[in-house]
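In what follows, every chain begins at residue 1, and chains take the letters A, B, ... in the order their sequences are listed.
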Protein chains: 2
Amino acid sequence: MIKTISDISRMAGVAKSTVSRYLNGGPVSEKTRRKIEHIIKEQNYVPNTFAQSLKAKKTNFIGTVVPRLDSFATSQTLIGIDEALRSNHYQMLISNTSQDMDREIEAIYDFARQKISGIILLAAQVTEAHLTAIKQIDIPVILVGQKNDQIHSLIHDDKQAGRLMGRHVLSKGHRKIVYLGVTEKDEAVGIRRKEGIEEALAACPDCEASYLETSFKMSDAVLTASRLLEETRPSIIVCATDNIALGVIKAAHLKGIRIPEELSVTGFGGYDITEIIHPALTTVKYHYYEAGKKAADNIIQLVNEKPVDKLTLMDVELIERESVDNLLSNPLL
Amino acid sequence: MIKTISDISRMAGVAKSTVSRYLNGGPVSEKTRRKIEHIIKEQNYVPNTFAQSLKAKKTNFIGTVVPRLDSFATSQTLIGIDEALRSNHYQMLISNTSQDMDREIEAIYDFARQKISGIILLAAQVTEAHLTAIKQIDIPVILVGQKNDQIHSLIHDDKQAGRLMGRHVLSKGHRKIVYLGVTEKDEAVGIRRKEGIEEALAACPDCEASYLETSFKMSDAVLTASRLLEETRPSIIVCATDNIALGVIKAAHLKGIRIPEELSVTGFGGYDITEIIHPALTTVKYHYYEAGKKAADNIIQLVNEKPVDKLTLMDVELIERESVDNLLSNPLL
DNA sequence: CTGAAAGCGCTTACAG
DNA sequence: CTGAAAGCGCTTACAG
């Protein structure tokens, strides 16, 4: 049923090596070229990639390890990766780990077993186990979203994002501020973003700022915010992610608190949905799609043993919308 | 650097075939088993899957073709597929086509070239080119989300979804209804869902129902709804998808129309976000995750030449929330 | 430009 | 239980 290179060579009356040369753009006379071309078309022949890979000792697969598939950030990053990979004739392989760190490690070894050429790792944390695995497999790896001295990394400028947001909040006259953050185990989101905020708020001695922690889940944010709003009433809640902001807005709605008149809210990420909800959310936009493209470009460079900066930093951008009240122009306050 | 089965066999002082047998659970004496095991651990040996596949003539890859990565429906379905595949030791390969039909066809042939064992196709339309490709590659295929007589299909019960929604709308006293649908090229969403609605509304002779079309994009829905709301004021807009509903809600907010007091809105899909927004959206929930699991189970059956129903139908479920006003209990109307 | 041969890393009958 | 050999479908020097 399925034709091999031998079948084609026999039918064309040439040697296997000649067919192989034709396939790989080697020197073939015009006459044999036409003969082979014809037979291949006619037989609908496609080379067996496994045999090819077995010989060539490498594949055109790039593996991507993602903690979850159902997140805006992941989707956009993957689309960017896929786009760049495809135009360079690489194939993207995705391994979803469902936030299970053991599965991340496993995925790395699995990819190695499949002789993929490079790995793009979207991880929230980098542990010793990650480092060991990466060292052992001896395959180029790019870490996206987090930074590690021992691995090529691509990150969004979280600290700058925090600064931009912090300054913006101050510029709108907010003085009683709650920052709703996440675990410090996630260095980028839990530490860097917060540092940026703190740095900006340090410029305001008379500010009353407090820091709280919740999880990445919207539903948890709803609960945390509900409790918070019962005890105190800040003028603004600065949330570590857009999802958390969505949860806070929900909690406010449930309590009948109007946004932004009675409470301002902001996020980080720039998810599509933040523009659609009402009021539209003020946030810092991350360029996930571009980050994916860049990560893919970088891994291709590494695979081909070309130099790549140890650290790539992606710009961020404040998007001012409706969820932040301007207290300075409000004569009532 | 990288060890092969020959290296291992030499180091263990046995034949390659014995190592292979050990690897594949064949009969090996306790003594040699231990020897081999030890060497493999020590050398960190992993078999080359290409060589394995080359011999075995098949892979454990299942290819999934998706029109887009950044949609709730796709993500959930993929997660389900991945979950089921993983627990059966298959690997999911994803090909994103960015809604480009040519790329869908290409993806099918690409997968065939890579000798993947089966294909799960999430397509909005099935054309002759699809059918030809599927026939030619001679690999099991499962179509998800659309139905086709010539292919194993798994669909959500769109017609029933439409019926449920239609009846619900009537039961809440709505009589002036606009259905905001999509192109009939998408049979499931464009035709079946609408038919269900029509069927339900047919039970209400004094209803004033009109049918409009928009695209799947939120931004288009915002525009279409804005125009619509300038010309007429239905009591409810029934949207063909949750995303369209989100767009309609946005348009209403922009016009200062209150939901549901002045305008009711519904969707289809049951996206997570519909629960978080305010007011929470009444919708028909589709079980994407379960559909993905089922599709994966089915493709595995087909790959192993076991029988599978030509058509699998997934249940849907009406979720009543806050975006639909109950006109019957409102004394003012 | 073209062909014969060796080999990529495995598995699978076939003997023993 | 174990080993030697053939072969999966390609590619790559090496001759010619």
Side-chain angles (χ1 to χ4, degrees), chain A residues 1-40 43-61 89 110 112-117 137-139, chain B residues 1-40 43-61 89 110 112-117 137-139:
Chain A
M1 191 71 254
I2 282 185
K3 299 285 183 283
T4 72
I5 201 170
S6 304
D7 300 322
I8 302 301
S9 68
R10 199 172 336 103
M11 300 173 88
V14 298
K16 288 193 303 176
S17 34
T18 307
V19 178
S20 176
R21 243 175 261 119
Y22 165 84
L23 256 18
N24 294 292
V28 182
S29 76
E30 193 48 36
K31 216 176 88 198
T32 44
R33 145 168 282 108
R34 259 202 292 275
K35 246 191 323 196
I36 296 174
E37 185 169 18
H38 177 240
I39 305 274
I40 286 185
Q43 299 297 323
N44 218 286
Y45 166 74
V46 282
N48 180 318
T49 41
F50 294 104
Q52 290 179 316
S53 302
L54 181 54
K55 269 310 284 185
K57 300 260 200 175
K58 57 164 197 149
T59 67
N60 63 338
F61 282 130
H89 303 101
D110 275 353
R113 187 179 4 258
Q114 292 168 201
K115 302 285 183 272
I116 55 99
S117 300
I137 59 172
D138 194 31
I139 290 173
Chain B
M1 190 71 253
I2 281 185
K3 298 286 185 281
T4 73
I5 200 170
S6 303
D7 299 323
I8 303 300
S9 66
R10 199 173 334 105
M11 299 173 89
V14 298
K16 287 192 304 176
S17 34
T18 306
V19 178
S20 177
R21 242 175 261 118
Y22 165 84
L23 254 19
N24 294 293
V28 181
S29 76
E30 192 48 37
K31 216 178 89 199
T32 44
R33 144 168 283 108
R34 260 203 292 275
K35 243 191 324 194
I36 296 175
E37 186 170 17
H38 177 241
I39 304 276
I40 287 186
Q43 298 297 322
N44 218 284
Y45 166 74
V46 283
N48 180 321
T49 42
F50 294 102
Q52 290 179 316
S53 301
L54 181 56
K55 272 308 283 183
K57 298 259 200 178
K58 56 166 200 146
T59 67
N60 64 339
F61 282 130
H89 303 103
D110 275 353
R113 189 182 359 260
Q114 291 168 203
K115 301 283 182 277
I116 57 98
S117 300
I137 58 171
D138 193 33
I139 291 173

For T32(A), answer base if it contacts any base atom (sugar-phosphate contacts may also be present), sugar-phosphate if it contacts only those atoms, and nothing otherwise; contact means non-hydrogen atoms under 4.0 Å.
-> sugar-phosphate
Rounded to whole Å, the NZ-P distance (K16(A) to dG7(D)) equals 12 Å
Return the nucleotide paired to dG16(D): Watson-Crick means purine N1 to pyrimidine N3 with N6-O4 or O6-N4, wobble means G-U with N1-O2 and O6-N3, both under 3.5 Å.
-> dC1(C)
Just call it for S29(A): base, sugar-phosphate, or nothing, with non-hydrogen atoms closer than 4.0 Å on any strand.
-> sugar-phosphate
Under 4.0 Å between any heavy atoms, over every strand shown, what does S20(A) touch: base, sugar-phosphate, or nothing? Just pick one.
-> base
Within the structure, does a side-chain N or O atom of Q52(A) lie under 4.0 Å from either OP1 or OP2 of dT11(D)?
-> yes
Among dT12(D), dG3(D), dG9(C), the one nearest A15(B) by side-chain distance | dG3(D)
OP1 or OP2 of dC10(D) under 4.0 Å from side-chain N/O of Y45(A) = yes
With the side chain defined as heavy atoms from C-beta on, S17(B) is closest, among dC8(C), dA13(C), dT11(D), to dA13(C)
Side-chain N or O of T18(A) closer than 4.0 Å to phosphate OP1/OP2 of dG3(C) = yes
Quick one: is dC8(C) close enough that its OP1 or OP2 comes under 4.0 Å of any side-chain N or O from N48(B)?
-> no
Just call it for T4(A): base, sugar-phosphate, or nothing, with non-hydrogen atoms closer than 4.0 Å on any strand.
-> sugar-phosphate
For R21(A) and for I5(A), find the nucleotide of DNA chain D with the closest heavy atom, then tell me which residue's nucleotide is more 5'.
-> I5(A)
